[in-house]
Amino acid sequence: MITPRTLKGFRDLLPAQALARERVLGIARDVYRSYGFAPIDTPALEYLEILTGKGSEETDKQLYRFTDHGGREVGMRFDLTVPFARFAAQHIASLGTPFKRYHLATVWRGENTQRGRYREFMQCDFDTIGTTSPVADLETVLVVHDLLVAIGLERFTIRVNDRRILAGLLETLGLTDQTTVVLRCLDKLGKQTPEAVGRELASHGVAAAAADQLLSLSQLGGTSAEILAGMEPLVAASETGRAGVAAVSALLAGLDAAGVADGRVTLDPAIARGLDYYTGIVLESFLDDLPGLGSICSGGRYDNLAGLYTKQSLPGVGASLGIDRLLAGLDELGRLETAETPAEVFLAQFDAAHLGDYLRIAAALRAAGLAVDFYPEPKKLGQQLKWAGKKGFRLAVVIGSDEFAAGTAQLKQLATQQATTIDWGGDPERLAAAVRAAVAT
RNA sequence: GUGGUUGUAGCUCAGUCGGUUAGAGCGUCGGUUUGUGGUACCGAAGGUCGCGGGUUCGAAUCCCGUCAGCCACCCCA
């Protein structure tokens, strides 16, 4: 006998979990579409050379890779952005720019697992390429905001920053070639003390005076206006830095103009992002109640990514919802729905002699747009109802020989056990209309 | 990948200094006069004690390995 089991970091989803995931996927799809993003798909496997060296050394290590039966070096995608860059470079001639796409798909990373951190998980990406317009940056943040609101989150914060601000300071300090290292160090400020980060910077050869300036930039606090004011003198000597500050300032103003509530999006100079390819604005999103979970939706502007595959300039900006991490967080917060059925209506099989009537009724209900589960056995009604209640149906339709004779039906709200009797006179369409009204309440 | 920690019925756990057929609650299934569920009563099923070795007369209990979960590092969704 072979032990049934799954690989480390790979999971089965039971109906309740799969329903929750599909629900959020549907929301993401709807929000992305509402901004005009179009769906695409790409293969799970790519030539290894497409995937390596694009994210960072770390992602190269985490890449699932193998040699296929034809001797090709193959990798499994570890995110959706790098495959998209390849996709864009390959198809841009027929796509035209600007091009907006979304992509909901599974990715794989061979790293160590933890809560909300798996080796196989889904991402919900959306990106706009072919434009450097600040409007695209603004729209990216708006989409993330709308998405988190549509999911039903109330307590979340989107933190934004612009990499050019730090890049400007690094330029001023003559540390441009150490950008990646410095970014990684500063990214830890949420978890480590400034002193510890300062020591780590020093260990990488950053002079104390320079480290002080970097830390003071990253630790700027207060209102967005105060943070912006604090940034200006630090980057005044750098055109790049000034551009970054201006971009963030314009972004915040745009969000305000778009009606985004105060506090939903905050300027956080410490947000830097580990991936090498970001060049402009960066954003991360956190559940206020679970800061330790990490970012559930992150992104930014990357103006050089597609340059690895084409000479054509393809700037891009976008973000990605980590749906499995989000669901792990919602589960921990007790915010996941427990229904194990996608159907709202339970049709009891009361009297086997009326099987044909039940089938006609079920068909009429389905034709009316309702999802209906008809119980397959004429079991004791109590048992059928108990089963229906556990599965999470909203409404039970109970029609026995008495009801058939009288042309009535009992509609029972399973959550409250409240039952009402309606007349349908043997007309399945009338019954369907009544059931639809009952489900809607 | 490195370090730490945990692993007993579907779930949450108990198992005393290693000692005979491993327990509880919840859940599940059946029943409590053949038309109505979440409360009550009765009964039942369900465990290779993660897996594999070792020590021992004897191991769920000790040792080693391995797999998996969690935590930190790392990195990120």
Side-chain angles (χ1 to χ4, degrees), chain A residues 1-11 14 24 28 55-63 78-81 104-125 144 180 183-185 187-188 190-192 196 200 271-276 278 282-287 290 292-299 319-329 332 346 348-352 354 375 378-393 396-405 410-419 421:
Chain A
M1 190 85 101
I2 298 167
T3 306
R5 55 181 185 155
T6 51
L7 287 164
K8 178 187 182 74
F10 289 70
R11 308 162 299 148
L14 272 57
V24 176
S56 64
E57 278 180 37
E58 195 59 32
T59 51
D60 283 1
K61 275 193 248 166
Q62 295 174 359
L63 207 62
F78 66 90
D79 73 1
L80 301 178
T81 305
L104 317 179
T106 304
V107 302
W108 297 269
R109 295 183 193 176
E111 66 175 332
N112 241 343
T113 56
Q114 242 166 74
R115 173 189 51 155
R117 191 165 161 175
Y118 312 103
R119 290 186 166 181
E120 177 182 66
F121 58 98
M122 286 195 82
Q123 293 195 312
C124 308
D125 276 41
V144 171
T180 300
L183 275 173
R184 296 248 170 83
C185 291
D187 218 12
K188 294 173 189 169
K191 289 185 176 179
Q192 293 180 22
E200 193 171 339
I271 295 294
R273 308 284 306 138
L275 292 177
D276 292 344
Y278 289 110
V282 287
L283 68 97
E284 298 196 345
S285 319
F286 297 86
L287 297 177
L290 291 175
L293 188 66
S295 175
I296 52 163
C297 187
S298 309
S320 176
L321 172 71
I323 189 168
D324 290 298
R325 173 174 294 180
L326 168 66
L327 290 168
E332 190 169 339
F346 173 75
Q349 182 171 354
F350 207 149
D351 185 348
H354 285 282
Y375 202 78
K379 231 178 173 180
K380 285 172 69 176
L381 189 58
Q383 288 177 19
Q384 294 190 42
L385 290 172
K386 187 178 180 185
W387 181 84
K390 177 174 166 266
K391 288 290 179 185
F393 293 93
V397 177
V398 179
I399 310 176
S401 50
D402 294 352
E403 284 84 355
F404 277 117
Q410 186 183 122
L411 306 185
K412 188 164 193 174
Q413 297 285 346
L414 283 160
T416 61
Q417 295 201 62
Q418 285 184 323
T421 301

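Side chains included, hydrogens not; waters and symmetry mates left out as well; all remaining heavy atoms used. Convention: sequence-line order gives letters A, B, ...; per-chain numbering from 1. Note that the structure is predicted; figures quoted are calculated from it, not measured.
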| What distance separates Asp125(A) CG from Cys297(A) SG, expressed to the nearest 0.5 Å? | 9.0 Å
| query | Under a 4.5 Å cut-off applied to non-hydrogen side-chain atoms, are Val24(A) and Leu321(A) in contact? | reply | yes
| field | Inter-nucleotide C1' distance (U5(B), A9(B)), Å rounded | value | 24 Å
| Those residues that, when tested against Glu120(A), pass side-chain hydrogen bond (donor to acceptor under 3.5 Å, both in side chains) (two or more places apart) | Trp108(A)
| query | Do the non-hydrogen side-chain atoms of Thr113(A) and Arg11(A) ever get within less than 4.5 Å of each other? | reply | no
| Nucleotide nearest Gln410(A) when distance is taken to its side chain, options U36(B), G37(B), C76(B) | U36(B)
| message | Without decimals, in angstroms, what is the distance between Gln383(A) CD and U34(B) P? | response | 12 Å
| request: Could you measure between the two P atoms, the one in G58(B) and the one in G54(B), and give it in whole Å? | output: 12 Å
| Is Thr416(A) touching bases, backbone alone, or none of the nucleic acid, heavy atoms closer than 4.0 Å? | base
| task | Look up atom OG1 in Thr421(A) and atom CD in Glu403(A), then write down how far apart they are to the nearest 0.5 Å. | result | 7.0 Å
| field | Sugar-phosphate only, base, or nothing, as touched by Ala319(A) at under 4.0 Å among non-hydrogen atoms | value | nothing
| Distance below 4.0 Å between Lys379(A) side-chain N/O and G30(B) OP1 or OP2 | yes
| request: Please report, rounded to the nearest Å, how far the P atom of G37(B) is from the CZ atom of Phe350(A). | output: 11 Å
| remark: Contact string for nucleotides 68-73 of chain B, one letter per nucleotide 5' to 3', B = base within protein heavy-atom range under 4.0 Å, S = sugar-phosphate only, - = neither, reads SSSBBS
| query | Which part of the nucleic acid does Gly294(A) contact within heavy-atom distance under 4.0 Å: base, sugar-phosphate only, or nothing? | reply | nothing
| field | Rounded distance in Å between the P positions of C67(B) and C74(B) | value | 25 Å
| field | Gap between atoms CG and C1', on Leu381(A) and U36(B) respectively (whole Å) | value | 4 Å
| Protein-nucleotide distance (Lys380(A), atom NZ; U36(B), atom C1'), rounded to Å | 11 Å
| message | Set out, in order, the CA-CA distance, both residues' side-chain angles and the distance that settles side chain to side chain contact (heavy atoms under 4.5 Å, CB included) for Ile399(A) and Phe350(A), then state yes or no. | response | CA-CA 7 Å; Ile399(A) 310 176; Phe350(A) 207 149; over 6 Å; no
| field | Between CG on residue Leu385(A) and NZ on residue Lys379(A), distance to nearest 0.5 Å | value | 12.0 Å
| remark: Whole-Å distance, Gln417(A) CD to G38(B) P, equals 7 Å
| Spacing between Arg325(A) atom CZ and A77(B) atom P, to the nearest angstrom | 8 Å
| message | Distance check, C1' atoms only: G47(B) and A60(B), in whole angstrom units. | response | 11 Å
| field | Distance between C1' atoms of A72(B) and G15(B) (Å, rounded) | value | 31 Å
| remark: Contacts of Ser320(A) and Lys412(A) projected onto RNA chain B by closest heavy atom; the upstream (5') one is Lys412(A)
| field | side chain to side chain contact (heavy atoms under 4.5 Å, CB included) evaluation trace for Leu80(A) with Val107(A) | value | CA-CA 7 Å; Leu80(A) 301 178; Val107(A) 302; 3.6 Å; yes
| U32(B) and C51(B), which share atom name C1', separated by this distance in whole Å | 44 Å
| task | Please report, rounded to the nearest Å, how far the C1' atom of G38(B) is from the CZ atom of Phe393(A). | result | 16 Å
| message | A side-chain contact here means heavy atoms from C-beta on lying under 4.5 Å apart; do Val397(A) and Phe346(A) qualify? | response | no
| Within the structure shown, what part of the strands sits under 4.0 Å from Gln413(A) by heavy-atom distance: base, sugar-phosphate, or nothing? | base
| query | With sequence neighbours left out, what residues match Arg119(A) under side-chain hydrogen bond (donor to acceptor under 3.5 Å, both in side chains)? | reply | none
| said: Are the side chains of Ser285(A) and Val144(A) in contact, using a 4.5 Å heavy-atom criterion? | reply: yes
| Phe121(A) ring over A77(B) six-membered base ring, under 5.5 Å and 30° | yes
| query | Going from CG on Leu290(A) to CZ on Arg115(A), what distance comes out if it is rounded to the nearest 0.5 angstrom? | reply | 6.0 Å
| Qualifying residues under side-chain hydrogen bond (donor to acceptor under 3.5 Å, both in side chains), relative to Gln383(A), sequence neighbours excluded | none
| Would you say Arg109(A) and Asp79(A) make side-chain contact, with heavy atoms under 4.5 Å? | yes
| field | Euclidean distance for P, G25(B) against G53(B) (whole angstrom) | value | 35 Å
| message | Nearest whole Å is fine: how far is U36(B) P from Glu403(A) CD? | response | 12 Å
| said: Regarding Asp351(A), tell me which of base, sugar-phosphate or nothing describes its non-hydrogen contacts under 4.0 Å with the strands shown. | reply: nothing
| query | So what does Leu414(A) hit on the nucleic acid, given a heavy-atom distance under 4.0 Å: a base, only sugar-phosphate, or nothing? | reply | base
| request: Could you work out the separation of U16(B) and A22(B) based on their C1' atoms and round it to a whole Å? | output: 14 Å
Between the protein and nucleotides 41-50 of chain B, which nitrogen or oxygen pairs come in under 3.5 angstrom?
none

| note | Pairing string of RNA chain B (Watson-Crick or G-U wobble, both atom distances under 3.5 Å; | = paired to other strand) is (((((((..((((.....[...)))).(((((.......))))).....(((((..]....))))))))))))....
| query | Can you tell which of C75(B), G35(B), G37(B) lies closest to the side chain of Gln62(A)? | reply | C75(B)
